[in-house]
Amino acid sequence: MSTNLHPMLNVAIKAARAAGAIINRAALDVEAVRVSQKQLNDFVTEVDVASERAIIETLLTAYPQHGILAEESGREHGSKTSEFVWIIDPLDGTTNFIHGFPVYCISIALSVRGKIEQAVIYDPTRNDLFTATKGRGAFLNERRIRVSKRTRMAECLISTGFPFRPGDNFQNYLALMGDVMQRAAGVRRPGAAALDLAYVAAGFTDAFFETGLSIWDVAAGSLLVTEAGGLVGNFTGEADFLEQRECLAGNPRIYGQMVSIISKYSKFAPAGEKAALRQAGIDADNAPVVEAAAADAPAAEPADASDTPKHD
């Protein structure tokens, strides 16, 4: 651990590397990993649970009075009243992991009085460590990173995530994707939102957008993006987005252009823009009628802040 880093960031790095070691060991024989299904297309493994346990133990050993908000255990651990809350995704990209597709990561953020101040995203397959402390910049393996400098959408590589749960608004997302794909050089769907945000911060991609995300998917990545000189918010460009379940990030020029393209698909879009979409047969607020082939799929259980369905 570096002596130049904020001490809380150093502890988060220690926690992320401990979790990464667990994940890498399990990846050597991924077919032996026990998998359960929280709902259709939404998986959790014993590795998620073990990774989360290692992270929480490391963090609370150093800071026993801090709070914890974790994907698998919610607020079960740590203080319920602390102004310091660690927001944890122990394995973002679980579906990738259980298929042996090497795109997944660990995401750890520290919220202080509601503001994200520390961030770690660790890719154990590449040993890539993304870190940020508020006001101190963003780094990849101790090298300063910046968002890309591209200014034309036609030259940009955009990342996203596809809807995958019963009840998701596929029609809305297909229309949104069509609008973006016609303007960009390429669109990619890696399957781990935290890593997508880290890649925007590093300039590997120029922008990222997705709906249905939970706070643990975006907390650490949002700080990386802003500390790397980028912008992050909801589809209408509003910065208070962490719990709104839609996220847009990019370099400043492309972010502005993306807002102009996708804002009408936001659930926060002005009524006039939503009306125009509905005239085109697209409802930005509500999912389309489920086709008969999907009608028998099990319904998702209601979720609260501690068990919101995970990003895959």
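One-based numbering along the sequence shown. Here the structure is a predicted model, which is why all the values come from computation and not from measurement.
Considering every non-hydrogen atom in both Ile68 and His77, the closest pair reads CB-O, 3.4 Å. For Pro102 against Thr125, the heavy-atom pair with the smallest separation is O-OG1, 3.6 Å. For the residue pair Phe241 and Glu246, the shortest heavy atom distance occurs at CD1-O, 3.8 Å.
A donor-acceptor pair under 3.5 Å is formed between the side chain of Lys267 and the backbone N or O of Gln244. Looking only at distances, no side-chain donor or acceptor of Asp217 sits under 3.5 Å from a matching main-chain atom of Ala193.
Hydrophobic clustering (ILVMFWY, side-chain heavy atoms < 4.5 Å, transitive): Ile121 and Ile23 are in distinct clusters.
Remark: Glu155 CD is packed, more than 12 non-hydrogen atoms of other residues, nucleotides or ligands lying under 6.0 Å away. Enclosure of atom NZ in Lys115 is not indicated, since only 12 or fewer non-hydrogen atoms of other residues, nucleotides or ligands lie within 6.0 angstrom. Around atom CD of Glu46, more than 12 heavy atoms belonging to other residues, nucleotides or ligands sit under 6.0 Å away.
With no hydrogens or angles considered, no side-chain donor-acceptor pair links Ser82 and Tyr63 at under 3.5 Å. For the residue pair Asn234/Ser266, the side-chain donor-acceptor check at 3.5 Å is not satisfied. Judged purely by distance below 3.5 Å, without hydrogens or angles, the side chains of Thr45 and Asp48 pair a donor atom with an acceptor atom.
Taking the six-membered ring where tryptophan is involved, the planes of Tyr104 and Phe97 are perpendicular, since the angle between them exceeds 60° and thus also 30°.
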